[in-house]
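To keep things clear, I will list the structure first and then write my remarks on it.
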Amino acid sequence: MMHNNFKPLTLAVAVATAALSGQAMAGAFQLNEQGVSGQGTSNAGRASTVTDATIVFGNPAGMSFLDRAQVTAGTAFLTVDTDIDSAGDGSNEGDMVPDTFIPFGFYVQPINDNLHFGLGVYAPFGLITDYEGQFEGRFYGDRSKVEVVTIQPTISVKFSEQFSAGFGLTYNQIDGELTANTQGGAVGLFDAATGAPLGGNSLAGEGDVDVEGDDNAWGFTFGAMYKPWEHTTFGFAYHSEVEYDLEGKARFTNVRVPQLSNDVPGAIEVGTISPQVDADLSITLPEVWDFSVTHELNDRWTVMAGAAMTNWSEFDEIRVENDFSEIVEAQNYEDSWQYSIGTAYQLNPQWVLRTGLAYDETPIKDEYRSVRVPSDDRIIFSLGAGWTPTPDLTVDVAYSYIHESDAEISQDEENRGTYEADFENTAQAFGAQLTYRF
């Protein structure tokens, strides 16, 4: 005899919202892997240090201080290690983030002494978490994927030897997927008032929900660079917010849904359905303000520092519209800052050595953290080197170690159960790039 009582009026909402978690499309999934020469200093001085064509992203104004046409291309390899401490039942393996390559490419072409053209292809945001099949928190999130690819044509103007400005458009393509399991349970007839079974009942296994969508949208970037003294450079860069309207499908498989019985007055009939419906999701990825300074102490030593603010506070909710059920999830994120310091040492005409340290705040409030983006504040330590065997060619490599504060998760919702755990995250990033000058 089964005694699986529930509140029938809340079941439909619980089934629908199991597709999405509050942090599914927000939080710490902003990427910094748009150049390896900058990675070596933990991106300190990103808006004020002109090294190669990656300045197209760092600060388009800096293209004006490149005297030759050049192309820079490379990739970062990111590997993440997670330990999950949970007292509950179920699996918590902690290998949900696969090893990932993040490529990029940039090109700069001087048009004349005062005008430069640039083009960049890179990933400003990205996320993949893919838990094992019996993950304990699977009812709050199983797989989450967000991929954003940006193409950026850019122009810079040098007004003097001390001041330049740049502007670029960004064409952005986003693809997203969110999945979650839905709890199994009793199906059949139940009393509408008490939820008591009325006979002919059985148990249904777990279901799942898969939401996929994509879109493309335009944004822009601009920057300025000022050299008040020969050896000191100040830089500012702005990357606009981008508004997306993702369109795709929501697939529900073996999910339990209640409805009033047509045959038994006062009864609720609970069955399983597997519909596929159109889905729409509007999301705005945030603007970024980047400030930095670079100072050459002498012919060998250069120091740099930076501060970048990401305006996540505008991201206050997720709203998914579909024919099955509209879903609205509060976000209430905070603006976040990244602070960085770094230095470069010119060992000889061929070799430069770099190091840097950064502190990266999370925009996720503790009460909104979920299994989809289980991250917290992080510290980033980096080492790097550049080798220029000829004036036309430079090879850069870098290594970063990323340590996060323990991320505490506590989620408790009816029909999805309770999930409480501490996530201990560390990551390593290996980067390599090549610059060829024409």
Side-chain angles (χ1 to χ4, degrees), residues 12-31 95-103 123-135 137-151 171-183 205-219 241-257 272-286 315 317-331 370-375 416:
V13 174
V15 170
T17 56
L20 294 173
S21 176
Q23 284 69 43
M25 295 287 287
F29 62 94
Q30 182 180 0
L31 298 177
D95 58 353
M96 68 283 188
V97 181
D99 295 344
T100 305
F101 285 95
I102 307 172
F125 295 91
L127 164 72
I128 298 178
T129 53
D130 192 0
Y131 292 91
E132 66 274 15
Q134 293 302 309
F135 170 56
R138 62 191 179 278
F139 304 114
Y140 290 95
D142 176 32
R143 174 176 169 83
S144 307
K145 182 184 76 172
V146 179
E147 295 178 347
V148 180
V149 177
T150 297
I151 301 174
Y171 176 77
N172 308 273
Q173 172 71 42
I174 186 171
D175 291 279
E177 179 183 12
L178 305 172
T179 72
N181 283 40
T182 60
Q183 287 190 342
E206 293 181 7
D208 64 79
V209 184
D210 186 340
V211 179
E212 293 182 279
D214 58 54
D215 190 29
N216 53 73
W218 290 90
E241 65 180 28
V242 180
E243 299 179 356
Y244 298 97
D245 295 309
L246 284 79
E247 297 181 353
K249 297 292 184 180
R251 301 176 181 87
F252 301 82
T253 304
N254 197 47
V255 295
R256 295 188 301 150
V257 175
T272 61
I273 62 173
S274 299
Q276 175 176 296
V277 297
D278 293 334
D280 300 302
L281 169 63
S282 296
I283 182 174
T284 299
L285 294 184
F315 190 77
E317 70 173 14
I318 290 174
R319 182 179 296 271
V320 178
E321 297 180 357
N322 62 81
D323 293 337
F324 185 80
S325 175
E326 182 182 73
I327 303 167
V328 179
E329 294 278 354
Q331 303 302 302
S370 84
V371 300
R372 293 198 184 272
V373 190
S375 64
R416 288 203 279 182

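Residues Tyr171 and Asn216 form a side-chain contact, since some pair of their non-hydrogen atoms from C-beta on lies under 4.5 Å apart. The shortest distance between side-chain heavy atoms of Thr182 and Val209 falls below 4.5 Å. Here the side chains of Ile174 and Val146 are in contact, with some heavy-atom distance below 4.5 Å.
The shortest heavy-atom contact between Gly141 and Tyr131 is O-CD1, 4.0 Å. The minimum heavy-atom distance between Tyr140 and Arg416, with the atom names listed, is CE1-O, 3.6 Å. The heavy-atom pair separating Pro286 from Phe125 by the smallest distance is CD-CZ, 3.8 Å. Residues Asp245 and Ser282 come closest through the heavy atom pair OD1-OG, 2.7 Å. Between Ala250 and Val211 the shortest heavy-atom distance is CB-CG2, 4.1 Å. Contact between Phe324 and Val257 at its shortest, heavy atoms only, is CZ-CG2, 3.8 Å.
The closest donor-acceptor contact from the side chain of Asn254 to the backbone of Gly205 lies under 3.5 Å. A side-chain donor-acceptor contact under 3.5 Å links Gln173 to the backbone of Asp215. Distance alone, capped at 3.5 Å, is enough to place a donor-acceptor pair between the Asn172 side chain and the Ala217 backbone.
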Could you check Tyr244 against Leu285 for side-chain contact (heavy atoms from CB on, under 4.5 Å), going step by step and ending with a plain yes or no? CA-CA 8 Å; Tyr244 298 97; Leu285 294 184; 3.7 Å; yes
Step by step, work out the side-chain contact (heavy atoms from CB on, under 4.5 Å) result for Val97 and Ile128. CA-CA 6 Å; Val97 181; Ile128 298 178; 5.6 Å; no
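Residues satisfying the salt bridge (charged side-chain N to carboxylate O under 4.0 Å, His left out) criterion with Asp278, sequence neighbours excluded, are Lys249.
Within 6.0 Å of atom CD in Glu247, 12 or fewer heavy atoms from other residues, nucleotides or ligands are found, so the atom counts as exposed in its surroundings.
Checking each of Arg372, Arg143, Lys145 against Asp130 for a salt bridge (charged side-chain N to carboxylate O under 4.0 Å, His left out) leaves exactly one that passes, namely Arg143.
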